[in-house]
Structure formats: structure tokens, C-alpha cells
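These notes are about the structure you will find just below.
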Amino acid sequence: MSSRRTTIPNRPRPHAPMSTLFLYGCGAGIVGVAFMTASEKIEQLITSRPNSYVPGATLARLLGIGPLRSDRQLWLLNMAMHYGQGALAGVLRAWMSDRGVRGPFSDFMFIGMRLLIDQTLENWTGVGALPWTWPVNEQIIDIVHKAVFALATGYFTDKWIQS
């Protein structure tokens with residue numbers, strides 16, 4: 001049976017322990033963030049869009065860290081939030097794979113989940129703006145990058161966690 005099969009005739013029985021789902025999910029999420037970051041860098045070369053430090057500012061707000069003294073501190077927080085959030089979201093996708101929610105359809109569902117996580121944290125902390133207030137091109141760019149994350153993360157969780 002292919003690991004990316006979109007339908008499973010019999011309802012699968014979850015068999016992976018939560019510790020396994022956590023590890024595989026974190027790993028797949030980190031790989032997904034690496035793919036997303038690569039796609040962002042390629043897109044930024046084409047569009048000349050500057051780096052966003054909203055994830056780092058969000059993490060600073062969540063941790064109660066006061067004003068940051070350097071761009072390096074903000075960059076480190078940005079990477080911690082980027083990869084940490086991706087790793088934890090990957091656990092959700094691993095859980096989906098283990099329960100038989102697999103393949104491209106589940107990847108598209110996961111795009112929405114990833115956007116939900118981002119926007120909830122950014123707007124809850126007051127760092128981000130509501131997405132419908134963004135210029136349309138920024139909305140499209142964000143959705144495309146989250147799609148890259150979701151497809152890469154989903155590919156690896158489906159491959160590593162066999163139902």
C-alpha cells in the first residue's frame with residue numbers, strides 16, 4: 001500500500017504510541033519549515049519582499065520579553081518560533097496520518113490548520129494584523145508558503161507513519 005494513498009477502504013486502527021507521533025511529527029514539521037523557508041527565500045529574491053519578524057515578535061510577546069536590543073535577538077526568536085511552531089503543528093499532522101487522514105486532501109486541510117495557528121497567536125498577542133486587512137498579494141504569498149509547509153510535512157508524516 002502506498003504511503004500517500006488518499007483512501008483507505010477499512011477504517012485504520014491507530015497503532016503508533018503518542019511518543020512516536022510526537023517525534024515523527026516534530027521531525028516532519030521541522031522538515032516542512034525548512035521547505036517553507038527555502039520557498040520564502042526564493043520568493044523574496046523574485047519579489048524583493050523583506051523578511052518578516054512577526055513570528056519573533058509574537059514569541060517575545062508570549063514569553064513576556066521586553067524590548068529586544070538587537071536584530072540578532074529578534075532573528076533568534078524568529079527562528080525559534082518558526083521552527084518550534086512548525087514542529088508542534090507537525091505533531092497534529094502526524095496524528096492525522098496515524099488515524100488514516102492521509103494524502104493530498106488532508107494536506108489541504110492542514111494548510112488551514114497551520115494558518116489558524118499562526119493567525120491565532122499573532123492576533124492574540126496583538127503583534128499581527130487581521131489577514132483580511134492585508135494586501136491580496138500578501139495573503140496569496142502567505143497561503144502559498146503555508147501550502148509548501150503542509151505538503152512537505154504531510155508527505156513525511158504519511159511516509160513515516162504507516163496505518
Side-chain angles (χ1 to χ4, degrees), residues 1-43 51-65 73-128 130-131 139 141-163:
M1 178 190 293
S2 170
S3 66
R4 294 291 285 174
R5 186 170 177 172
T6 58
T7 58
I8 299 174
N10 300 323
R11 182 170 290 274
R13 296 196 186 279
H15 69 282
M18 195 58 200
S19 59
T20 299
L21 296 180
F22 183 80
L23 291 174
Y24 283 151
C26 284
I30 288 169
V31 171
V33 170
F35 274 81
M36 181 176 68
T37 301
S39 75
E40 288 170 341
K41 293 306 172 192
I42 293 167
E43 172 262 317
N51 289 328
S52 170
Y53 291 101
V54 171
T58 300
L59 182 58
R61 188 78 53 91
L62 286 169
L63 297 175
I65 298 173
Q73 287 176 322
L74 187 55
W75 183 85
L76 288 171
L77 283 172
N78 213 46
M79 290 298 104
M81 183 64 158
H82 218 41
Y83 282 91
Q85 190 177 8
L88 291 178
V91 175
L92 174 61
R93 186 61 181 82
W95 183 82
M96 292 168 66
S97 294
D98 188 53
R99 266 74 183 161
V101 183
R102 311 169 70 79
F105 183 78
S106 62
D107 294 340
F108 285 107
M109 290 191 309
F110 190 54
I111 294 168
M113 292 175 193
R114 179 68 161 105
L115 287 164
L116 176 73
I117 293 166
D118 269 5
Q119 292 307 309
T120 299
L121 291 173
E122 290 171 9
N123 288 290
W124 179 47
T125 59
V127 172
L130 298 171
Q139 294 177 34
I141 287 169
D142 195 45
I143 291 168
V144 167
H145 292 309
K146 297 308 186 291
V148 168
F149 168 80
L151 291 166
T153 303
Y155 174 81
F156 285 102
T157 59
D158 287 350
K159 185 171 180 63
W160 293 340
I161 300 167
Q162 300 295 319
S163 290

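Quick caveat: nothing in here was measured; it's all calculated off a predicted structure. The figures here come from the full heavy-atom set of this structure, side chains too, leaving out hydrogens, waters and symmetry mates.
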Worksheet item: Does the pair Asp158/Arg93 count as a salt bridge with the N-to-O cut at 4.0 Å?
Response: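 Looking at Arg93 together with Asp158, the answer is yes, because their closest N to O distance falls below 4.0 Å.
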How many angstroms lie between atom [atom1] of [X] and atom [atom2] of [Y], to the nearest 0.5 angstrom?
| X | Y | atom1 | atom2 | result |
| --- | --- | --- | --- | --- |
| Trp124 | Arg61 | CH2 | CZ | 11.5 Å |
| Leu115 | Phe149 | CG | CZ | 10.5 Å |
| Thr20 | Trp160 | OG1 | CH2 | 13.0 Å |
| Lys159 | Ser97 | NZ | OG | 12.5 Å |
| Ile141 | His145 | CD1 | NE2 | 6.0 Å |

Looking only at non-hydrogen atoms, find the nearest pair between [X] and [Y] and report the distance.
| X | Y | answer |
| --- | --- | --- |
| Met81 | Pro55 | CG-O, 3.3 Å |
| Met18 | Val91 | CE-CG1, 4.0 Å |
| Gly25 | Ala94 | CA-CB, 3.7 Å |
| Leu77 | Ala60 | CD1-CB, 3.8 Å |
| Gly103 | Ser106 | O-OG, 2.7 Å |
| Leu130 | Asn123 | N-OD1, 3.5 Å |

Practice prompt. Just jot down the side chain to side chain donor-acceptor pair (under 3.5 Å) partners of Asn51, sequence neighbours excluded, or say none.
Written response: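 If we apply the side chain to side chain donor-acceptor pair (under 3.5 Å) test to Asn51, skipping adjacent residues, the hits are Lys41, Gln44.
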Worksheet item: Step by step, would you call Ile111 with Asp107 a side-chain contact (heavy atoms from CB on, under 4.5 Å)?
Response: CA-CA 6 Å; Ile111 294 168; Asp107 294 340; 5.9 Å; no
Are the side chain of [X] and the backbone of [Y] linked by a donor-acceptor contact shorter than 3.5 Å?
| X | Y | answer |
| --- | --- | --- |
| Thr37 | Val33 | yes |
| Thr153 | Ala150 | no |
| Glu122 | Val54 | no |

Worksheet item: For the rings on Phe156 and Tyr24, is their centre-to-centre separation under 6.0 Å?
Response: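 Centroid separation for Phe156 and Tyr24: 6.0 Å or greater.
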Considering only heavy atoms from C-beta outward, does the side chain of [X] approach that of [Y] to under 4.5 Å?
| X | Y | value |
| --- | --- | --- |
| Arg114 | Met36 | yes |
| Thr157 | Arg102 | no |
| Thr58 | Gln85 | no |
| Asn78 | Leu74 | no |
| Leu151 | Tyr155 | no |
| Phe110 | Val101 | no |

Item to complete: Verify the neighbour count for atom OH of Tyr83: are there more than 12 heavy atoms of other residues, nucleotides or ligands below 6.0 Å?
Response: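 For Tyr83, atom OH is crowded (more than 12 foreign heavy atoms under 6.0 Å).
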Worksheet item: With respect to Leu121, which candidate in Asp118, Ile117, Thr125 satisfies the side chain to side chain contact (heavy atoms under 4.5 Å, CB included) definition?
Response: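 When side chain to side chain contact (heavy atoms under 4.5 Å, CB included) is applied between Leu121 and each of Asp118, Ile117, Thr125, only Ile117 qualifies.
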